[in-house]
**Q** 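Please find one structure pasted underneath; my questions will follow.
Everything numeric here is computed off the predicted structure, so don't read it as measured data. Per chain, numbering begins at 1; letters A, B, ... match sequence-line order.
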Amino acid sequence: MSIMQRSLAWARSHSTVVQAIIPLILAGVLVQMFGSSLLVNVYTFFCVSLMMVLGVQVFMGNSGILSFLHVGFVGVGAYASGILSTPPAVKAMGVPNMFPALVDLQIPVLPAILLGDIVAAIIAAAISYPMMRLSDAVGVITLFATLIVFHVIMTQWDNVTNGPRTFFGVPEYTTLTVALVGALLMIVLAYWFRESSMGLRVRASRDDRHAAAATGINVVRARYVAFVLSALMAGLAGGVWAHFITSFSPKAFYMSEMFVLLSMIVIGGAGSISGAVVGTTVVTIAREVLRQVEASINNAHVLSFEVFGLTELVMAILMVAVLIWRPQGIVGGQELKLSRLRFKKKKEEVSNV
Amino acid sequence: MNLEFLINTLSLGSLYALLAVGLVLVYGILKLVNFAYGEYLMVAGYAIYLSAILGAPWWATLIIAVVASMLVSFFTEIAAFRPVRTKSMDALLVTSFAVSIFLQNIVLLTISPRARAVPLPDFFSKTVVISGATLPLRNLLVIGTTAVVLVLLSFLMKKTVLGMAMRAAADKFTTTRLMGVPANFVISAAFLISGFLAGVAGIFWVGRSGSVDPLTGAAPLLIAFIATVMGGMNSPIGAVVGGFVYGLLFNILSIALPASMISYRDAFMFAIVVLFLLFRPEGIIRRGYTEERVG
Amino acid sequence: MTTPMLKVDDIHASYGAVRALHGISLEVNEGEVVALLGINGAGKSTTLKSITGVLRPTSGSVTFLGEDITSRSPEKIVKRGISLVPEGREIFGALTVEENLRLGAFVSYQRDRYKADLKEMFELFPILEERFHQPGGLLSGGEQQMLAIARALMAHPKLLMLDEPSLGLSPAITDDVFALITSLRERGLTILLVEQNAERALEVVDKAYLLANGLVEVSGSAEDIKKQVDIASVYLGGEDAEGGEVQL
């Protein structure tokens, strides 16, 4: 087979990735060349969000366990990367109580981001193994409680994080290109894991953990691998985000942010990467529109009071509406593939019966 | 152990027990961990605030608070949980999170993001002296109220057909329907009772802080979660036990932690609970009669 | 020809994407005892679930006493007079025997009749009187089966459906169960029985439907089926398992 034929065959069998990557690159190029600075910002933010969502999806979509903890790992990545790369002078001024060793530390941004996600992964590796034995409600609540622990530590440990106050001065680094590359990387990583043998094992355990165990799958270990990988991805996303937004506080890694991430993954469909992409797109657009509406209502002083929380309100309604209409998300549980491939598969199934 | 500590722990445990039972009632039947539960409590707080502004006497504000909480609980079931439930039970948890965000933001939008002072009857701040110890009256009140509520609830669950149906539904939902018990009715009843408990707990919760804001529900929700899980998710008794144990843990940590670490108390508590769960996921009270004997 | 009490007309049913019934039709006339036979996975329980409303058929209809009950909810169908003794008994383990029976009577409760009904159950199943205040979960498998049947009878059903009543029970208790079915039939109760133990079932029923792969393979009176159909060959492996012990 010629290279052309081989690449086409590869593209067809991994069409999910190709389908996601090509529009993203095209849109990125178009926005970069022709978009207003607002649009560039929105698209960059979209790519960073996609990174976070894919991190969550790798665990949640494959294991079926709802994890509230991942926004915490985003925070770990953000803080770690920020601390490592912000100039000492800024840190000394902005975080008065910081450990001197941390103040003096400074490394270039890219290594900082990478180190940041490793810190997140290490923490995940250290604490999560026993949690992977818990399922259903107990598992969700435990992960939720752990997020609270993370949050308390972030808000109290002012030697490191500046406590509840803003940590600012993080060097700006994340351009549209950086974010886009990051998002593409996450797509490939998420897809690779999903299709790997470990990914298959996790997905088997999602559908029926007893049956999976009965076939020899070590459910705990499979989930653990997925969890650590997803923490790594979330940490990476956090680092990239930190260098986009340049200042943040622990509030950014708590309930409201987790809700946004959840809405992206749930509306699109938690079971698939295509779902994550679609969901992130829909929610990003919806939120931007709502934000504009909120701002214009406030600026026009049409109402006697300021309209706060409209965005979240509408998003909540939207999420419930999607869940009523299609609980498995817009895309549903399976990946979006080229339709030609799908029709072929259907025919095969019928003849086997 | 001195009297103050005892009463303090009992009152805290009572409050936590109320919270936990309200959560577990719905969980038992629907297997739903209701993230919106904290908001039912928050609504009760705002109901006191609003009805006081409108000039209602104190006893009316308290009744309105509980009724408001019950109504909100009831309507969230009809508007959100019921339609989702017919499609997918797994989606219920995320739905409850969305409902929680919705309620928080409705209040934020229509009232204010800032905290509001909640006027409470004078006796809430009174103290009583017993055996030389000065005790806040409301602590005694919460113990008494919880005792009464739990007794009433126990009567409902054990001696009425509705209670029987709810217990059956928590055991085997579909089979309960096969008895001709209307599913929607049982679930609505559970949500109403859950709202009632959230409302009563809300009165005392807000009574301690004196104010309410859109995020007031977050802390009680977490307490309800933890107490329920610690008690073993499957019974109201477990929830009560879990509530008291959690209250005890809170007070012990408050005393035992050095001053520098006190702000980390919540982290310590959850860490201890998480550790406990890792070793004993079934909670404190193991499930009663799970398997039939074969024979 | 009288209208059948229960008429199932070409129902199809699926569990999500998996199609389980491909067109089942059957009839149960008043006073009859009918069996649904077949191996595991043939669609017997699925048929019962479709009748009781637990599963909604994708096409076809179910008519009971002249009324279309195809998409009704289980609660409403029970009210119409169909009671199911579910596969695996499904006793409320945490509730006492008394409470189980009380719930069974839920749909047709009449205070003056209730005590008499209980008495009748005690006559049929003395063990239930003995264990009246004990939690259902403490009963043995055979006792639970008695309780499940009693619970269904408390509703004064017009049609009693039993899903694999002999499942997991010892041969002695299985005898009791089948003897019970016979005596219920003598009281005039209409019964639809799902059983893997084809031989025993054919002894107590008037007519039977043999299901395979979601379709009715054979139907007819019990005698006809006993004579003509090689039951063993319909089952995998051919060898007739003595006593019909279920491979769980």
Side-chain angles (χ1 to χ4, degrees), chain B residues 24-25 27-29 82-83 85-91 154-189 232-239 282 285-295, chain C residues 48-49 52-55 73-96 98-109 134-145 147-148 151-152 154-155 157 161 163 167-170 172-173 248:
Chain B
V24 94
L25 271 177
Y27 177 78
I29 300 179
R82 189 176 298 184
R85 169 184 27 122
T86 53
K87 290 295 204 68
S88 154
M89 295 285 274
D90 297 321
S154 180
F155 179 81
L156 175 77
M157 296 298 283
K158 290 242 166 73
K159 300 279 190 245
T160 66
V161 180
L162 173 63
M164 222 185 283
M166 285 174 66
R167 280 184 294 137
D171 186 354
K172 294 178 165 68
F173 190 61
T174 310
T175 311
T176 309
R177 298 180 74 186
L178 286 171
M179 301 289 106
V181 176
N184 288 339
F185 180 70
V186 170
I187 292 174
S188 290
M233 303 223 51
N234 45 57
S235 73
I237 297 178
E282 335 80 73
I285 309 267
R286 279 222 183 87
R287 185 149 213 193
Y289 314 99
T290 24
E291 318 297 319
E292 53 168 82
R293 284 160 38 201
V294 179
Chain C
L48 288 192
K49 284 189 194 155
T52 53
V54 171
L55 191 60
S73 65
E75 301 95 315
K76 300 230 172 74
I77 291 178
V78 173
K79 246 194 167 145
R80 295 273 171 276
I82 303 181
S83 276
L84 173 68
V85 181
E87 185 180 355
R89 270 82 74 187
E90 301 285 315
I91 292 298
F92 300 117
L95 272 58
T96 62
E98 173 181 14
E99 289 170 328
N100 269 278
L101 291 172
R102 176 63 184 86
L103 272 180
F106 181 88
V107 82
S108 67
Y109 181 74
Q134 288 184 19
L138 288 188
L139 271 55
S140 72
E143 290 163 357
Q144 288 194 359
Q145 187 61 276
L147 177 56
R151 188 179 61 177
M154 291 294 285
M161 307 202 298
D163 197 345
L167 194 68
L169 298 182
S170 64
I173 313 232
L248 283 172

**Q** Between B:Leu178 and C:Pro74, which heavy-atom pair has the shortest distance, and what is it?
**A**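 For B:Leu178 versus C:Pro74, the nearest heavy atoms are CD2-CB, 4.3 Å.
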
**Q** Search all heavy atoms of C:Leu95 against all heavy atoms of B:Arg167 and return the closest pair with its distance.
**A**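 For C:Leu95 versus B:Arg167, the nearest heavy atoms are CD1-CB, 3.8 Å.
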
**Q** Identify the two heavy atoms, one from C:Leu103 and one from B:Ala165, that lie closest to each other, and give their separation to 0.1 Å.
**A**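 Looking at all heavy atoms of both residues, the shortest contact is CD2-CA, 4.2 Å.
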
**Q** How close do C:Phe106 and B:Gly180 get, heavy atom to heavy atom, and via which atoms?
**A**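 Closest approach of C:Phe106 to B:Gly180: CE2-O, 3.4 Å.
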
**Q** Tell me, out of C:Met154, C:Lys79, C:Arg151, who's got the most heavy-atom pairs with chain B below 4.5 Å.
**A**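 Most heavy-atom pairs within the cutoff with chain B belong to C:Arg151.
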
**Q** Measure across B:Asp171 and C:Ala94 and return the closest heavy-atom pair with its distance rounded to 0.1 Å.
**A**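 Looking at all heavy atoms of both residues, the closest pair is OD2-N, 3.6 Å.
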
**Q** Tell me, side chain or backbone of B:Ser235 under 4.5 Å from chain C's heavy atoms, or both, or neither?
**A**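 Looking at B:Ser235, nothing touches chain C.
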
**Q** Side chain, backbone, both or neither: which part of B:Thr174 has a heavy atom under 4.5 Å from chain C?
**A**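 The side chain, not the backbone.
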
**Q** Would you say that more than 12 heavy atoms from the other residues, nucleotides or ligands in this model lie under 6.0 Å from the CG of B:Leu162, or not?
**A**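 Atom CG in B:Leu162 is crowded, with more than 12 foreign heavy atoms closer than 6.0 Å.
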
**Q** When rounded to the nearest 0.5 angstrom, what distance separates NZ in B:Lys172 from CZ in C:Arg89?
**A**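 Spacing of NZ (B:Lys172) from CZ (C:Arg89) equals 11.0 Å.
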
**Q** Specify the closest pair of heavy atoms between C:Val78 and B:Arg177, including all atoms of both residues, with the distance to one decimal.
**A**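 Heavy atoms of C:Val78 and B:Arg177 come nearest at CG2-O, 4.1 Å.
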
**Q** Please look at C:Ile77 and chain B and tell me whether the side chain, the backbone, both or neither of the residue comes under 4.5 angstrom of a heavy atom of that chain.
**A**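 No part of C:Ile77 comes within 4.5 Å of chain B.
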
**Q** In Å, rounded to the nearest 0.5 Å, how long is the span from OG1 of C:Thr96 to NZ of B:Lys158?
**A**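 If we round to the nearest 0.5 Å, C:Thr96:OG1 and B:Lys158:NZ are 11.0 Å apart.
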
**Q** Look at atom NZ of B:Lys87 and say whether more than 12 heavy atoms of other residues, nucleotides or ligands are closer to it than 6.0 Å.
**A**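 More than 12 within 6.0 Å, yes.
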
**Q** For C:Glu99 and B:Met164, indicate whether the former's side chain and the latter's backbone hold a donor-acceptor pair under 3.5 Å.
**A**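 It does not hold such a pair.
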
